[in-house]
2 protein chains.
Amino acid sequence: MTGKRTREGSGRVKLEAVASAAKVSTATVSRVFNEPDKVSEAIRERVKEAARALNWIPNAAGRALASSRTHIAGAIIPTLDNEIFAHQIGGMQAVFSNAGFTLFLGCSNYDPLEGLRQAEAMLARGVEAIALVGENHPEELFAALKARDIPYVVTYSYSKLSEHPCIGFDNRAAFARITDHLLSLGHRRFAGIFQPVANNDRVAARLAGVREALAVADRQMPDENLLIGPSTLEFGAESFSRLMTREGEARPTAIVCGNDNIALGALMAANALGLKAPTGFSITGFDDLAISSRFTPRLTTMKVDNQAIGTLAASELLAVVAGHKTRPQSKEIVPVLQVRDSSGPLA
Amino acid sequence: MTGKRTREGSGRVKLEAVASAAKVSTATVSRVFNEPDKVSEAIRERVKEAARALNWIPNAAGRALASSRTHIAGAIIPTLDNEIFAHQIGGMQAVFSNAGFTLFLGCSNYDPLEGLRQAEAMLARGVEAIALVGENHPEELFAALKARDIPYVVTYSYSKLSEHPCIGFDNRAAFARITDHLLSLGHRRFAGIFQPVANNDRVAARLAGVREALAVADRQMPDENLLIGPSTLEFGAESFSRLMTREGEARPTAIVCGNDNIALGALMAANALGLKAPTGFSITGFDDLAISSRFTPRLTTMKVDNQAIGTLAASELLAVVAGHKTRPQSKEIVPVLQVRDSSGPLA
DNA sequence: CTGAAAGCGCTTACAG
DNA sequence: CTGAAAGCGCTTACAG
């Protein structure tokens with residue numbers, strides 16, 4: 001009879017119901033929750049009471065549409081299977097949640113296009129800020145972020161030269177450092193066991209760090225001494241066996257592994273072969289996993305505070321969202337070398 | 001001059017711009033992307049072209065408000081520090097993403113109230129479905145889910161008796177199973193090293209499983225043989241030392257650990273003390289972490305496909321959201337006993 | 001400090 | 001198959 005259209009609606013309690021229950025306008029209800037100082041205490045209490053009584057949960061879509069704010073942030077990581085990213089997300093999640101932000105999580109599985117796809121889904125849903133692991137993303141993604149003026153940070157890797165705000169550490173410097181450690185122990189024949197370099201700027205930088213440190217010492221790592229494969233205990237183990245069963249000069253004395261997982265695999269193979277580092281050879285890792293310091297032999301590695309990377313990234317992003325700064329500030333986290341039993345003097 | 005109000009807006013390209021560029025109504029643009037079959041091909045192409053040219057990304061808030069659909073799902077887990085939950089989330093994320101859903105992640109740190117808080121934030125943001133680890137959540141949470149008719153599943157734990165749809169395994173049965181294994185090996189003096197039971201229905205069920213199996217065999221685990229503490233290698237190690245330095249009858253021969261991490265710690269302590277399972281004692285874990293089958297001695301444990309729990313949970317939730325069923329179907333994942341070197345005949 | 005009402009960017013019932 | 005326009009549930013510029 002009336003010209004009214006019929007619409008489904010959500011069927012939920014809405015702000016309007018709270019307003020009429022508290023006998024105030026919808027504007028006032030909104031203010032009570034968003035700018036409480038602008039409302040007199042008596043009314044404030046009345047409205048809160050009504051909201052509680054009706055069990056009102058604000059509809060974020062309405063809020064987002066009216067205010068162009070969503071209180072959502074996003075993070076894109078390669079995979080949760082690696083505890084370093086899991087810890088990073090854990091730290092991030094806590095800080096965001098504490099600030100009233102809910103976190104979208106996307107995993108690219110090391111496929112930049114998949115990362116792009118997921119980031120776009122997040123943008124469509126109005127994320128106010130986004131964190132990306134590494135710089136290895138399609139230019140398109142960074143362009144979209146800039147076009148919409150969405151603050152972002154690149155995490156895990158850090159470089160002074162980067163055009164992006166980054167929170168992490170210098171992978172190249174870290175591996176130059178660990179190589180120097182082995183060099184200072186007298187090692188001259190180096191081998192490397194690394195995860196794939198494709199789509200992974202962090203691993204590429206690590207290798208560059210090793211090569212750079214060796215070059216300074218007038219050394220180098222022959223191609224046949226660099227084994228690349230999956231970041232698994234197995235690959236570490238089989239690579240170690242392949243390397244150490246070589247004869248004479250072909251056998252390395254220092255094996256730099258791309259991370260602790262690979263190094264632990266190598267150490268297991270060594271134990272199985274009855275070889276005990278640091279006698280005759282040294283092995284190093286990277287990450288300092290919980291188990292690395294308790295394994296026999298204890299693994300020489302570098303410790304990174306991944307959770308701190310996550311909390312710092314979230315804090316910087318929130319500061320920009322809140323308008324405290326215009327751009328997230330880059331922060332360098334310095335990995336700490338942990339010299340333990342798996343590395344020692346050449347002799 | 002005009003009575004118009006000034007509003008900020010998002011400043012972004014909107015559907016309206018696409019409509020006028022393609023010389024069609026906004027209704028048609030919307031249909032092109034949501035019900036393409038209802039639009040003639042010529043117009044469809046024209047609109048898509050215009051959208052592409054303008055680089056339009058739909059505003060999800062507008063869409064959500066008008067359609068009451070957000071294409072967002074949520075998951076609440078205790079922590080990402082434990083790889084079992086990380087794997088579960090990894091599986092879930094992939095399935096959701098594939099279906100056009102973006103995933104909210106919340107970590108409760110084993111605090112039910114924190115989990116409730118984060119779940120409420122997700123509800124406010126319109127999640128269409130939610131996955132929760134375990135049943136240990138405030139009744140309020142389940143009530144809110146039911147009131148809003150949001151499909152949910154409880155993951156990781158499984159019980160036929162549960163009033164909730166659950167996808168996981170029977171923790172009680174699994175630990176009864178592992179206890180039976182030790183019993184069948186001739187062990188009679190049992191000890192346990194477990195993580196805290198508070199707010200963790202899974203751990204409570206595990207302990208119940210051990211006790212139940214022992215009771216059937218007319219045995220029991222004395223209070224002083226049950227050590228409870230953090231799920232760390234350290235706690236596993238120190239607990240082992242404490243247990244195994246006891247004299248005579250007070251020293252257990254079978255140690256059931258709450259998970260692999262604790263068991264690995266115990267094994268490390270054993271190695272340090274020069275004790276080698278399964279000579280004189282047996283140790284079991286739970287999870288079958290990557291390292292467990294390669295440690296020396298290889299750990300007897302139970303393997304759970306956590307990723308499958310995640311993918312199944314997401315699939316069930318999506319089926320409900322899509323209207324294919326009214327309620328997620330419970331699914332039991334059966335853990336597989338992996339008998340290895342850390343357990344053996346008593347004598 | 002408070003309210004009436006326009007507007008955020010979409011979808012969809014209705015009409016043709 | 002297509003369009004005009006109401007409506008989704010909030011926020012906020014404006015007026016008082």
Side-chain angles (χ1 to χ4, degrees), chain A residues 1-20 22-47 51 54 56-71 123-126 128 148, chain B residues 1-20 22-47 50-51 54 56-71 123-126 148:
Chain A
M1 315 306 130
T2 93
K4 285 261 176 186
R5 302 266 178 98
T6 344
R7 274 241 158 181
E8 280 260 355
S10 58
R12 296 202 234 144
V13 174
K14 46 195 203 184
L15 179 144
E16 206 186 347
V18 177
S20 55
K23 301 192 192 310
V24 295
S25 69
T26 57
T28 297
V29 176
S30 176
R31 284 189 202 105
V32 167
F33 294 97
N34 296 315
E35 306 166 293
D37 296 344
K38 296 193 178 172
V39 181
S40 68
E41 196 183 330
I43 292 200
R44 209 190 302 151
E45 287 314 312
R46 211 163 79 210
V47 169
L54 291 170
W56 173 63
I57 301 190
N59 177 318
R63 190 183 189 195
L65 197 53
S67 67
S68 25
R69 297 230 29 199
T70 59
H71 298 275
L123 287 175
R125 287 163 182 72
E128 294 189 42
R148 306 170 139 240
Chain B
M1 315 306 135
T2 92
K4 283 264 176 186
R5 301 265 178 99
T6 344
R7 271 242 161 180
E8 279 261 356
S10 59
R12 297 202 233 146
V13 174
K14 45 195 202 183
L15 179 144
E16 205 185 349
V18 176
S20 56
K23 300 193 192 309
V24 295
S25 70
T26 57
T28 297
V29 176
S30 175
R31 284 190 202 105
V32 167
F33 294 96
N34 297 315
E35 306 166 293
D37 297 344
K38 296 194 177 171
V39 181
S40 68
E41 195 182 332
I43 292 200
R44 210 190 303 152
E45 287 313 311
R46 212 164 80 210
V47 169
L54 292 171
W56 174 62
I57 301 190
N59 177 319
R63 191 183 187 194
L65 197 52
S67 68
S68 24
R69 297 230 29 200
T70 59
H71 298 274
L123 288 175
R125 286 162 183 74
R148 305 170 140 241

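So you know, we letter chains A, B, ... as the sequences are listed, proteins then strands, and number each from 1.
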[X] [atom1] to [N] [atom2]: how many Å, rounded?
X	N	atom1	atom2	result
B/K14	C/dT11	NZ	P	14 Å
A/E16	D/dG7	CD	P	12 Å
A/L65	C/dA6	CG	C1'	13 Å
B/R148	D/dG9	CZ	P	12 Å
A/R125	C/dC10	CZ	P	14 Å
B/H71	C/dC10	NE2	P	14 Å
B/L54	C/dG9	CG	C1'	15 Å
B/L15	C/dC8	CG	P	14 Å

From [options], nucleotide with atom closest to [X] side chain:
X	options	value
A/S30	D/dG7, D/dT11, D/dG9	D/dT11
A/A27	C/dG7, C/dA5, C/dT12	C/dA5
B/S25	C/dG3, D/dG3, C/dT11	D/dG3

How many angstroms lie between atom [atom1] of [X] and atom [atom2] of [Y], to the nearest 0.5 angstrom?
X	Y	atom1	atom2	result
B/T26	B/R31	OG1	CZ	9.0 Å
B/K14	B/S20	NZ	OG	10.5 Å
A/R63	A/R69	CZ	CZ	8.0 Å
A/S30	A/K38	OG	NZ	10.5 Å

Taking every non-hydrogen atom, the tightest pair across [X] and [Y]:
X	Y	result
B/L54	B/V13	O-CG2, 3.6 Å
B/L15	B/W56	N-NE1, 3.2 Å
B/A50	B/A22	CB-CB, 4.0 Å

Is a side-chain donor or acceptor of A/R125 paired with a backbone partner of A/T70 at a separation under 3.5 angstrom?
no
Main-chain N/O of B/V39 paired with B/R44 side-chain donor or acceptor, under 3.5 Å:
yes
Rounded to whole angstrom, note down the C1' distance from D/dT12 over to D/dG16.
16 Å
For DNA chain D, the expected dot-bracket line (Watson-Crick or G-U under 3.5 Å, [ ] crossing, | inter-strand) is |||.||||||||.|||
Hey, which of these two, B/A61 or A/V24, hits DNA chain C nearer its 5' end, going by closest nucleotide?
A/V24
Measuring to OP1 and OP2 of C/dG9, would you say a side-chain N or O of B/R63 lies under 4.0 angstrom away?
no
Mind listing the residues from residues 31-44 of chain A sitting with a heavy atom below 4.0 Å of DNA chain D? Number order is fine.
A/R31, A/N34
